[in-house]
Amino acid sequence: MRIGILGAGTMADALGTQWLAAGHDIMVSGRNPVASAALAEKMTTAAQRPGAPAPGVARAGTWAEAAEYGEVVMVAVLEAGLHDVLRAAGPAMRGKPVIDVTNAVGPGAYDVTRSLAELIADSTGGQVVKAFNLCHVDVWRMTPPVFDGRPLAVPLCGDDERALATARTLVTDLGCTPVHGGGLDRAKLLEATAAFMIGLWITGADAQAVLPPLAGSGTHPTT
Ligand SMILES: NC(=O)c1ccc[n+]([C@@H]2O[C@H](COP(=O)([O-])OP(=O)(O)OC[C@H]3O[C@@H](n4cnc5c(N)ncnc54)[C@H](OP(=O)(O)O)[C@@H]3O)[C@@H](O)[C@H]2O)c1
């Protein structure tokens, strides 16, 4: 599929390269067209993997061109630039699947009263799915992300079944397992979880160890 990426930073690079290697075509976008074009070239080289089928095509464009290009659009910009980028991207994301990987990070940056995902949905009219925000970019460069023999599970929060199906495909392309995390109203919980976990990792705590495995998680009503 054609994936438009708002962003030409580390998340655009890591996830975009994985999807290129899986055969998707991508367009990255940033504030500096020369840097974006250089990233597209670098990703093309990185996506060529020995013995694997030919990768897709990577190109660079403006914010609006990437929003227009994508059958699905990933938002991968810093919160500081989010409003400006969405304004510059224009109306092309209306009705499209939109994958939102953004986090509000830094001391005091996280705001429990609203999620970036809902802000993006309101601003673009896109069918937003919150995903990929829980793990550091280095994890998204792993081929595949597997820990202790278990593929990484990626929670998805969104309301639109077509957008969720697209997100599940993109998760599976990484060798990860999609997990239904509920509707877009739960994206604020996913963003809060990221803010909390990042805080633990920064202090050197093993964030994975704070939760028990399913078998030890208590008795729960089945759905
Ligand atoms: N890095 C991680 O480990 C990680 C993990 C999960 C989620 N996230 C989230 O993913 C998003 C992208 O992260 P990243 O690591 O890819 O960031 P990054 O490498 O710093 O790239 C940021 C992107 O945002 C763009 N941008 C637009 N307006 C901006 C402004 N006013 N100030 C700064 N940048 C602006 C940059 O444009 P230019 O290309 O023109 O510089 C760049 O393309 C963030 O919301 C982050 O919280 C990051």
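Whatever order the structure lists ligands and atoms in, that order sets their numbers, starting from 1. All values derive from a computational prediction rather than experimental measurement.
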CZ of Arg168 to OG1 of Thr177, rounded to nearest 0.5 Å, is 13.0 Å
For Gly7, the atoms of ligand 1 under 4.0 Å from one of its heavy atoms are 43 (O)
Gly81 heavy atoms within 4.0 Å reach ligand 1 at atoms 28 (N), 29 (C), 30 (C), 31 (N)
Practice task
Please confirm whether the backbone N or O of Ile5 pairs with a side-chain atom of Ser29, one donor and one acceptor, at under 3.5 Å?
Solution key: yes
Of all protein heavy atoms, the one nearest atom 16 (O) of ligand 1 is Met11 N, 2.8 Å
Under a side-chain separation threshold of 4.5 Å, the hydrophobic residues clustered together with Leu6 are Trp63, Val73, Val75, Val77, Leu82, Val85, Leu86, Met93, Val98, Leu116, Leu119, Ile120, Val128, Leu184
The closest protein heavy-atom partner of atom 9 (C) of ligand 1 is Val101 O, 3.4 Å
With Asn133 as partner, the option from Asn103, Thr193, Asp100 fulfilling side-chain hydrogen bond (donor to acceptor under 3.5 Å, both in side chains) is Asn103
Q | Steps toward side-chain hydrogen bond (donor to acceptor under 3.5 Å, both in side chains) verdict (Thr169, Asp173) | A | CA-CA 6 Å; Thr169 298; Asp173 283 337; over 6 Å; no
re atom 44 (C) of ligand 1, the protein heavy-atom contact at minimum distance is Val77 O, 3.3 Å
- Main-chain N/O of Leu200 paired with Thr203 side-chain donor or acceptor, under 3.5 Å: yes
Counting from 1 in the order shown, the ligand 1 atoms closer than 4.0 Å to a non-hydrogen atom of Cys135 are 5 (C), 6 (C)
- Taking NZ, NE, NH1 and NH2 as the nitrogens, is one of them in Arg2 or Asp25 under 4.0 Å from a carboxylate oxygen of the other? no
Q.
Between ligand 1 and Ala76, can you find any atom pair, the residue atom being a heavy atom, that is separated by under 4.0 Å?
A. yes
Note: Asn133, heavy atoms under 4.0 Å from ligand 1, region reported as backbone
Going by the 4.0 angstrom heavy-atom rule, the piece of Val85 near ligand 1 is side chain
Going by an N to O cut-off under 4.0 Å, is there a salt bridge joining Glu118 and Lys130? no
Is any side-chain N of the basic residue among Arg114 and Glu79 closer than 4.0 Å to the acidic one's carboxylate O?
yes
The closest protein heavy-atom partner of atom 32 (N) of ligand 1 is Arg31 NH1, 3.5 Å
closest protein heavy atom to atom 2 (C) of ligand 1 is Val137 N, 3.6 Å
- Item | Polar atom proximity, Leu78 to ligand 1 (N or O, under 3.5 Å) | yes
For atom 43 (O) of ligand 1, the closest protein heavy atom turns out to be Ala8 N, 2.8 Å
Check: Is a side-chain donor-acceptor pair under 3.5 Å present for Asn32 with Ser36?
Finding: no
Among non-hydrogen protein atoms, atom 46 (C) of ligand 1 lies closest to Asn103 N, 4.0 Å
Of all protein heavy atoms, the one nearest atom 15 (O) of ligand 1 is Thr10 OG1, 2.6 Å
